[in-house]
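Here is how names work: the chains are called A, B, and so on, in the same order as the sequence lines, proteins then strands, and each is numbered from 1.
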Amino acid sequence: MSFSTLGLSEKVLAAVEASGYTEPTAIQAGAIPYVLERRDVLGIAQTGTGKTASFTLPMITLLEKGRARARMPRTLILEPTRELAAQVEDNFNRYGVNHKLNVALLIGGVSFAEQDRKLERGADVLIATPGRLLDHFERGKLLLQGVDILVIDEADRMLDMGFIPDIERICKLIPFTRQTLFFSATMPSEIQRLTDTFLQNPAKVEVAKASTTADTVTQRIAAAEPEDYEKRAKLRELIEGAEDLQNAIVFCNRKRDVATLFRSLVRHEFSVGALHGDMDQRSRMTMLDNFKKGNIKILVASDVAARGLDIPSVSHVFNFDLPIQAEDYVHRIGRTGRAGRDGTAISIVTGKDEKALQAINETIGKELEWVGEPVDFSAPVEEKKSRRRSTRGQKDKNRSRKSKAEAQEAPVQEADSVPAGLEEQPMVPMHTERRAPARARGGRRTNQPKDEAIFRNASHIPAFLLRETRSKVQSR
DNA sequence: AAAAAAC
């Protein structure tokens with residue numbers, strides 16, 4: 001199978017070849033001919049299957065005829081998150097090198113001015129998250145009656161995020177004569193209803209569901225005490241003990257925990273970045289970019305990074321917290337072991353996680369194996385105080401199990417406290433212009449890092465990367 | 001107990 005048999009234009013084929021691709025993936029081979037025939041397409045595919053190129057390549061081919069008019073984009077692609085939208089833009093830039101496409105990215109968190117300019121100039125391709133798109137529409141800056149191709153990507157995720165009413169509204173604003181390409185990893189009933197309403201005689205292209213537990217991913221769980229500082233110590237131990245760690249994503253359930261953990265790892269001189277939805281857009285983009293380029297080895301992230309992000313090779317995934325929804329576990333560990341590469345996923349489990357762990361084991365259809373000693377779920381997991389009173393023996397046993405180094409490690413910073421000198425610090429992330437602790441400024445090191453790639457002085461991180469959202473709000 | 005997304 002080769003790209004040349006799919007009906008793509010010469011210019012597109014040249015760009016694909018220049019990118020080094022020779023063989024289409026299953027979803028590309030299945031969907032591209034239908035798109036070029038102007039059929040509606042229902043694509044059922046996970047991320048990491050080459051889904052994006054399955055619509056961008058034929059779209060670029062189709063866009064060769066005709067030209068955009070001011071404020072009337074010719075095509076519209078809806079994405080659930082800003083990062084995914086930006087990723088699709090990258091895709092158009094890469095495969096559209098031989099074309100003069102006007103591509104406009106309409107996402108929140110950035111100024112309207114440039115987006116307006118691009119709309120005014122006439123966009124061949126409009127890539128948007130629903131909120132910002134509707135915002136532009138309501139301001140009258142955008143006319144949707146010229147849209148010829150509508151792409152709805154990651155529909156099931158849009159559903160999870162409550163975007164379906166917005167999607168329905170947008171669909172109704174676009175002429176009935178359009179071509180619609182609809183992608184979803186799963187087909188829950190609400191999504192089925194949506195496709196029944198908005199697709200006309202679609203060609204259904206389904207690619208085998210990537211097995212939830214890719215054989216190339218080694219999955220393990222590691223026990224820790226439930227206190228945050230204990231979990232952070234365990235995480236450092238896991239990172240330092242990891243074999244062949246090239247780069248890693250560390251998932252936390254909550255944004256504030258992303259922030260706290262990020263600061264803690266900076267203090268411990270890891271090469272680390274953070275990513276969550278409350279960070280300003282510029283930081284989000286730069287963090288992700290630096291992580292992709294390898295400037296940052298460890299990315300602490302919320303579930304904003306769990307799905308869809310195209311980070312080609314992550315050697316390790318760590319779950320600082322077990323995800324609340326077992327399904328999210330699958331998405332998180334799907335960040336590693338991609339494209340047949342080896343990957344390792346290690347999750348920290350505490351006495352409070354019994355139910356979450358059960359749910360995950362059920363979802364993946366096997367029992368996760370422990371590294372080190374397992375958590376004793378039969379032990380009471382009430383508040384620490386009551387446990388101390390009721391089961392002193394158990395507690396002492398736990399303490400003696402801890403290594404000396406761990407025991408000596410004072411709580412780096414409790415979730416609710418801040419290290420000295422950073423009292424006024426915002427949640428996320430640390431601001432380097434304030435005085436960081438001596439170690440983070442490259443001062444005396446108490447323990448010599450053994451791996452230069454994973455450990456690094458934090459002082460190189462550009463200040464704007466470490467700025468938090470509130471400054472933006474204050475400046476208004 | 002969460003996160004994501006418009007201002």
Side-chain angles (χ1 to χ4, degrees), chain A residues 47 77-87 105-113 115-116 127-142 152-170 185 226-228 231 249-261 274-281 284-285 288 299-309 319-332 335 347-357 359-360 381-383 415-416 427-428 469-470 472-476:
Chain A
T47 48
I77 298 161
L78 294 172
E79 295 288 336
T81 69
R82 299 168 184 174
E83 275 75 14
L84 280 172
Q87 208 164 276
L105 181 65
L106 302 192
I107 58 174
V110 293
S111 93
F112 281 88
Q115 297 179 354
D116 280 341
I127 305 156
T129 45
R132 183 54 76 97
L133 182 92
L134 287 169
D135 206 339
H136 277 282
F137 183 79
E138 279 157 13
R139 288 160 182 245
K141 297 286 186 185
L142 177 61
I152 297 163
D153 197 14
E154 303 260 335
D156 50 352
R157 195 167 174 203
M158 301 249 202
L159 174 73
D160 290 346
M161 293 168 67
F163 280 160
I164 296 304
D166 286 347
I167 298 300
E168 292 188 293
R169 193 174 152 212
I170 294 164
E227 290 76 24
D228 278 353
K231 291 172 78 176
I249 302 181
V250 181
F251 285 102
C252 300
N253 286 355
R254 293 183 298 189
K255 290 179 279 199
R256 47 171 268 190
D257 291 335
V258 170
T260 310
L261 181 57
L275 187 70
H276 68 64
D278 275 357
M279 287 164 56
D280 68 76
Q281 194 53 31
R284 282 169 66 164
M285 297 253 185
L288 193 57
L299 186 67
V300 184
S302 69
D303 278 313
V304 68
R307 303 196 206 183
L309 288 192
N319 284 316
F320 184 76
D321 304 302
L322 283 189
I324 291 160
Q325 298 293 328
E327 191 62 26
D328 288 330
Y329 175 85
V330 177
H331 290 295
R332 289 180 180 186
R335 302 289 91 205
S347 304
I348 295 176
V349 177
T350 75
K352 296 176 175 178
D353 295 329
E354 185 172 17
K355 278 187 185 155
L357 180 59
I360 289 166
V381 285
E382 305 136 42
E383 288 307 301
D416 298 323
M427 242 180 46
V428 156
T469 342
R470 210 163 51 199
K472 191 181 61 186
V473 177
Q474 281 165 347
S475 68
R476 307 189 130 252

Kindly say if A:Lys352 contacts the phosphate of B:dA1, meaning a side-chain N or O under 4.0 Å from OP1 or OP2. no

A:Leu275 CG to B:dA4 P: how many Å, rounded? 8 Å

Any A:Arg256 side-chain nitrogen or oxygen under 4.0 Å from OP1 or OP2 of B:dA2: no

d(CE, A:Met279; P, B:dA4) in whole Å: 10 Å

Which listed nucleotide (B:dA2, B:dA6, B:dA4) is nearest to the side chain of A:Thr81? B:dA4

Between A:Asp303 (CG) and B:dA4 (C1'), how many Å, whole number? 9 Å

Using a 4.0 Å heavy-atom cut-off across all strands, classify A:Asp321 as base, sugar-phosphate, or nothing. nothing

What residues, two or more places apart in sequence or in another chain, satisfy side-chain contact (heavy atoms from CB on, under 4.5 Å) together with A:Asp303? A:Phe251, A:Ala306, A:Asp328, A:Arg332

Between A:Thr129 and B:dA4, does any side-chain N or O lie under 4.0 Å from OP1 or OP2? no

Rounding to an integer number of Å, can you tell me how far A:Phe251 CZ sits from B:dA4 P? 12 Å

Listed nucleotide nearest any side-chain atom of A:Met161, set B:dA4, B:dA6, B:dA2: B:dA4

Could you check whether A:Asp328 gets within reach of a base, just the sugar-phosphate, or nothing at all, counting any heavy atom under 4.0 Å? base

Quick one: label A:Asp135 by what it contacts on the DNA or RNA (base, sugar-phosphate, nothing), any heavy atom closer than 4.0 Å. base

Quick one: does NZ or CZ of A:Arg169 land under 6.0 Å from the six-membered ring centre of A:Phe137, within 45 degrees of the ring axis? no

How would you list, by chain and number, every residue that makes a ring pair (Phe, Tyr, Trp, His ring centres under 6.0 Å) with A:His331, sequence neighbours excluded? none

Charged N to carboxylate O under 4.0 angstrom, A:Lys231 versus A:Asp321? yes

In whole angstroms, the gap separating P of B:dA5 from NE2 of A:His276 amounts to 11 Å

Taking the minimum atom-to-atom distance to the side chain of A:Arg284, which one of B:dA5, B:dA3, B:dA6 wins? B:dA5

